[in-house]
Amino acid sequence: MTIDLEIIICSVFIFLSTNLFWLGSTTGTNLEKKNAAAYFSIFTLIVSSLLFSFFAILGQNGFLVVSAYPILYFFPGLILLILIPFGWFVVIVWFFGFLKKKGIFLFLFYILSFCQLVSISILLIYNPGKTWNISLFEYWKFAPFSFKSAYLIYIFTCVFLSLLCLFLFKISDNSLSELGRQKSVPFLKGIGFLLFGVVLLVSVLFVGDELGIIENLIIKAEKEPKYFYGFVLCIQLLICISILVLGWALTSYEILTGRILPKISLKQEWKNSVYTSFVLACLYFLFAKLGYPRAEIFIVFSYSFFLSRFFTVLKNKQVSSNQNEVLKKILSSGSVRLSFGYLCRDVLETRKAALIFQGKIPYISDTNIFYPENIPLETFDFSKLDPNPENPNIQYLDKDRFSGFVIRVKIESVLSGDAYLILGQKENGGLFAEEEIEIARITGTWLVHSLFLEETGNILEELQRKKIQEQRLSDQKTRQILHDEILPEIHSLILEISNDKSGSLNSQYANSLTELHKRISSLLREMSDTGLEISRLGLIPMFQKLQDSDAKDSDLIWKIDPKVNSQAEKFPPEVQEVLYYAFRESLRNAVKYSGDVRSQIVISIRYENGLSIQIKNEIGKDLISIRSSGQGLKIHSALLKIFQGSLTLEFPSPKEAMIRIFLPSP
């Protein structure tokens, strides 16, 4: 029975040691506020874990054997027993800010720090047996009542002040940090009361005989240790519950890391730690029952396991932090070329790279960005490359054939064109990881979209400037005609009519008024409102009217779905006007580049989930000149993009051009 109790006690010590080590390493990994109090909290958890490991390794030899060891072996453990209660006090007053808010707690902090120095000094200097080879059992018998009671008062003070701090805490505002502290208070109060239970049991065990409460169980344990073991198990049970609650508070509110906000992933990690510790404790129990009590093996295993996880997580956090810094530089550089340089140098670590966008005029022009910027522009034929069966968006290149480039990644495929990222070899000669290629693809997509936005902004700015200039010229022309020509004539006619004594208007006045009426009517026609015309006639008839004004000499073939007229009326007036001008510019473009051929221009208009217009014509001019033009189409393409529409120019063959206009249903 006694041996079984010793095995159970050592198993519990292994359980406590493993969980405390997880709490300490996890706190160190996720530490937010790196100050002395935070590091002292981690130190307290780690040394507590080491203390319980020490107890497990020694305890497996049995009480009688351990009690015969020289007291010199136990001095590190005794010093830790003095430091740990103070560590709990520091954790609480630091977490709730009482070291700064309440001057009394700062004063108590210094007092308790001084008490520790005194007690450790006494422990090292005081030698009741006049020799350091005295056994632990004998040292305990020589220890005076004042020495034991002083230690009990000390740990009681630490626990009491911690609990008092929890009861005094009140939130100062409704910020998330204050609310997080408030929600963690019940957990910490529970731990405080559990520690009071530990202090009570330790007090009975230490001075119960002197106070007449119970006979000295430590002395009695030499002959009948089961009562002493029972007390130890009760103390262990309270400490186990305290650590489990502490772990729950840490994973819920990160009370030791200074973050306040919880990291949900820690909850599962804490559960895994508890399960692992429980399994190790059970395995030790089984092996010890079979006659192989080797607690150090299980402790070393648990420490090695959690240390490896600690350094792995810490390295991952450092890598993530570095990547975040690079991402900040990429996003805040203000230049697409700078951002591309950061991606290639700091993330991909490649020797050379190119971002190639082959746009379908007019939304965005062809764009080439190189890293480094001074590498020569080269044109490669990628059409003969075999697609990658595992990932068709990635093609592996022969570095000798493609001037040092080894990978071609398709990062964007939209109606406006295709974008590719071409990467050279890495600086260190290694291979690109899948994660790196995925980061490059996503960042490349963002860079292309940034180009879209940049060019769209430039186009809209140009359009606004052009519109203002045209409006200013129109207003100036109208004002000049009305003020300098029409108004003086009307004024002259008024004077002549007022001076006419015959009482009747002659034909000369009538002719003059008629001429002024014509001129004003002509001026109003020049200032006609397209929006009003569209609402009066309809969008499709307005398209067809353009044949008389913009395509007189061309043969237009109209293919119009009958339901288009009714569906087009559902678009708002401003959208219809934008669509009208885009169609007019596209028709003019088709007529212009048909050259002298004057061939048929086929116009197809249908409605399928939106209005779709296709203008196809044969090319009567050089294809290169057509590809390099189209500023008007760019402007109207950008305007359509505002309403989620699109305008693209494609070349199905060297002698054929096709403009597609699409506007989704409103």
Side-chain angles (χ1 to χ4, degrees), residues 1-21 47-78 80-81 84 134-141 143 148 194 197-206 208-209 214-244 274-303:
M1 178 65 181
T2 301
I3 296 177
D4 290 344
L5 289 175
E6 290 176 347
I7 295 174
I8 293 174
I9 290 172
C10 290
S11 300
V12 176
F13 278 137
I14 292 174
F15 178 83
L16 294 173
S17 173
T18 303
N19 284 308
L20 282 169
F21 190 79
V47 298
S48 300
S49 174
L50 294 174
L51 179 64
F52 289 133
S53 298
F54 174 74
F55 287 163
I57 294 173
L58 286 182
Q60 65 185 345
N61 297 321
F63 176 79
L64 295 178
V65 176
V66 172
S67 61
Y69 289 162
I71 187 60
L72 188 63
Y73 296 168
F74 297 92
F75 273 135
L78 294 176
L80 293 181
L81 286 175
I84 290 173
I134 187 175
S135 68
L136 174 65
F137 188 74
E138 293 296 325
Y139 185 88
W140 178 256
K141 288 196 296 184
K148 301 174 185 176
L194 288 169
V198 172
V199 173
L200 181 62
L201 290 176
V202 171
S203 300
V204 172
L205 196 61
F206 279 17
D209 185 34
I214 191 174
E215 60 181 320
N216 195 326
L217 295 179
I218 298 178
I219 302 298
K220 187 178 179 181
E222 195 172 16
K223 297 181 179 179
E224 196 174 3
K226 62 180 180 179
Y227 298 106
F228 170 73
Y229 290 160
F231 255 82
V232 173
L233 284 172
C234 290
I235 294 172
Q236 285 184 323
L237 178 62
L238 293 177
I239 296 176
C240 278
I241 299 173
S242 300
I243 291 176
L244 292 176
V274 174
Y275 296 151
T276 302
S277 305
F278 182 75
V279 170
L280 289 175
C282 292
L283 288 175
Y284 170 78
F285 182 83
L286 291 175
F287 276 88
K289 285 287 288 183
L290 294 174
Y292 301 98
R294 292 291 181 267
E296 59 274 12
I297 296 177
F298 297 95
I299 292 172
V300 169
F301 173 81
S302 66
Y303 279 25

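These numbers come from a predicted model, not from an experiment.
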For residues 278-286, dump all side-chain donor-acceptor pairs below 3.5 Å to protein atoms at least two apart in sequence or in another chain.
none

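Residues satisfying the ring pair (Phe, Tyr, Trp, His ring centres under 6.0 Å) criterion with Y227, sequence neighbours excluded, are absent altogether. S17 pairs by the side chain to side chain donor-acceptor pair (under 3.5 Å) definition with S49, S53, Y303, not counting sequence neighbours.
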- Message: Apply side-chain contact (heavy atoms from CB on, under 4.5 Å) to residues L205 and F228 and explain how you reach the verdict.
- Response: CA-CA 8 Å; L205 196 61; F228 170 73; 3.9 Å; yes
- Task: Verify side-chain contact (heavy atoms from CB on, under 4.5 Å) between C240 and L16, making sure each step is shown before the conclusion.
- Result: CA-CA 7 Å; C240 278; L16 294 173; 3.3 Å; yes
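Here the side chains of F54 and L50 are not in contact, with every heavy-atom distance at 4.5 Å or above. Side-chain contact between V274 and F15 is present, with heavy atoms from C-beta onward closer than 4.5 Å. Using a 4.5 Å cut-off on side-chain heavy atoms (C-beta onward), I57 and F13 make no contact. You'll find the side chain of F287 stays beyond 4.5 Å of the side chain of I297, heavy atoms only.
Residue F298 holds its CZ atom at 11.0 Å from OG1 of T18, rounded to the nearest 0.5 Å. Separation of atoms NZ (K289) and OG (S11) is listed at 11.0 Å; rounding is to 0.5 Å. In this structure, N19 CG and S277 OG are separated by 3.5 Å, a value rounded to the nearest 0.5 Å. Going from atom CD1 of I9 over to atom CG of L233 covers 4.5 Å, rounded to the nearest 0.5 Å. Atom SG of C10 sits about 11.0 Å away from atom CG of L5, to the nearest 0.5 Å. Note that the CG atom of L80 and the CZ atom of F55 stand 8.5 Å from one another [nearest 0.5 Å].
For the pair L238 and G197, the tightest heavy-atom approach, listed with the atom from each and the gap, is CD1-C, 3.6 Å. Across all non-hydrogen atoms, the minimal contact from A295 to A56 is CB-O, 3.9 Å.
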